[in-house]
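Reviewing the structure listed below.
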Amino acid sequence: MTPSESQPHSWPNKFRWAARGARRAVASERNFRVHLAMALAVAVAGGVLRVDYWEWCVLVLCVAIVLTAELFNTAIEHLARAITDEHNQEIRDALDTGGGAVLVAALGAAAVGGLVFVHRLGALVEWW
């Protein structure tokens, strides 16, 4: 028996399983990859526009919220497929609600990013 088998719920195993889930989302979920690309765009824009410490904190938090929402939505989708392939209104509503959560997170993050970047751009070109 290996050390990981003797302690199935050890911290190293929990981190390993969580990392596996994140890797699966990157490999199999197109929407997750789109959100990762947007996160990279935010990082580049933040560097170019020289955002300050607190702006970085807010931007990173927004990115984390969107990625987390997408991971939860992906988990709901996997559970729904494991339960049944047949049409079920409750499952449909759960999937739509999960998608709605991602939409709300993404729109909120876009609004925050817009505010931060417009403010930074204005300061950079001396509009104010």
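Numbers here are sequence positions counted from 1.
Here Leu61 is tied into one hydrophobic group with Ile65, each link being a pair of ILVMFWY side chains closer than 4.5 Å. Cluster partners of Trp11, by chain and number: Phe15. The rule joins Ile, Leu, Val, Met, Phe, Trp and Tyr whenever side-chain heavy atoms lie under 4.5 Å apart.
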Check against side-chain contact (heavy atoms from CB on, under 4.5 Å), Asn73 and Glu29: CA-CA 11 Å; Asn73 190 48; Glu29 297 297 323; over 6 Å; no
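Taking each heavy atom of Ala69 and Val102 in turn, the nearest pair found is O-CG2, 3.5 Å. Listed here is the closest heavy atom pair of Leu124 and Val48: CD2-O, 4.4 Å. Nearest heavy-atom pair across Ile91 and Ala80 is CG2-CB, 3.4 Å. The minimum heavy-atom distance linking Trp128 with Val118 is given by the pair CZ2-O, 3.5 Å. When all heavy atoms of Gly98 and Ile76 are compared, the closest pair comes out as CA-CD1, 4.4 Å.
Under the 4.5 Å side-chain heavy-atom criterion for Ile, Leu, Val, Met, Phe, Trp and Tyr, Val42 and Val34 are members of distinct hydrophobic clusters. In the hydrophobic cluster analysis, where Ile, Leu, Val, Met, Phe, Trp and Tyr join through side-chain heavy atoms closer than 4.5 angstrom, Val44 is grouped apart from Leu36. Under the 4.5 Å side-chain heavy-atom criterion for Ile, Leu, Val, Met, Phe, Trp and Tyr, Leu67 and Met38 are members of distinct hydrophobic clusters.
Residues meeting the side-chain contact (heavy atoms from CB on, under 4.5 Å) test with Ala39, sequence neighbours left out: Val63. By the side-chain contact (heavy atoms from CB on, under 4.5 Å) test, Val51 is found to be paired with Glu55, Trp56, Leu59, Val116, Phe117, Arg120, residues two or more places apart in sequence or in another chain being considered. Residues satisfying the side-chain contact (heavy atoms from CB on, under 4.5 Å) criterion with Arg30, sequence neighbours excluded, are Arg33. When the side-chain contact (heavy atoms from CB on, under 4.5 Å) test is applied to Leu71, the partners found at least two apart in sequence or on another chain are Ala25, Phe32.
Counting only residues at least two apart or in different chains, side-chain hydrogen bond (donor to acceptor under 3.5 Å, both in side chains) contacts with residues 86-101 are absent. Residue pairs meeting the salt bridge (Lys or Arg N to Asp or Glu O under 4.0 Å) criterion with at least one member in residues 102-119, sequence neighbours excluded, do not occur. Here salt bridge (Lys or Arg N to Asp or Glu O under 4.0 Å) pairs that include residues 66-79, with residues two or more places apart or in two chains, number zero.
Under the 30°/60° scheme for interplanar angles, the aromatic rings of His9 and Trp17 are found to stand perpendicular.
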